[in-house]
Each structure stands twice: as C-alpha cells, then as structure tokens.
Amino acid sequence: MARLIGGVELAAALGLILPATTGIALALTPLAAVGLAVVMVLAGAFHVRRGEYSAIGLNVVLALAVVVAWDRFGPYSF
C-alpha cells in the first residue's frame, strides 16, 4: 500500500513539473495539483486518526498544490 501511495505522489509531482517545463499538455498541471491535494487531505485525515499529530506538518504540500491548482484553473492560467 505504501508503494502505491508513493507512486501516486510521484506521478502527481511529475504532473506538476513536466507539463510546465516541456510545454506539452499544460491542462494536466491543474489536474495533477487537484489530485495531489486530495491525496494530502486523505493523508492528513489518516494521521489524525492514528494520533500522529507531528506528521501532519508534512502535509504542507497540500497548501502548495491548492495554490497551483487555483492559479492554473484561473482566467489567466495559460
């Protein structure tokens, strides 16, 4: 299960970086940001459920993914 989650996070990171650097399929960047934000919300809920409150700080990526999604879905996105 941990490998699956790691693979999803790696795919989301590549989806955030590669379209902007290559200029190909730029519409994938906001979708990857939304997907990463969903993964981070679920990870935060998982950590709260297990009582791992110190690990919630690692989910700061959520805020960055939401900012990217907000910026890329906006009227001046591309």
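None of the values given here were measured: they were computed from a predicted structure. For the numbers below, each heavy atom of this structure counts, side chains included, while hydrogens, waters and symmetry mates do not.
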Which residue pairs pass the salt bridge (charged side-chain N to carboxylate O under 4.0 Å, His left out) test when at least one of the two sits in residues 40-50, sequence neighbours left out? R50-E52
The side chain to side chain contact (heavy atoms under 4.5 Å, CB included) partners of V48 (sequence neighbours excluded) come to Y53, I56
Shortest non-hydrogen pair, A25 vs P19, comes out as O-CB, 3.5 Å
Output a table of donor-acceptor pairs, distance under 3.5 Å, between side-chain atoms of residues 2-17 and any protein atom two or more places apart or on a different chain; print 'none' if there are none.
none

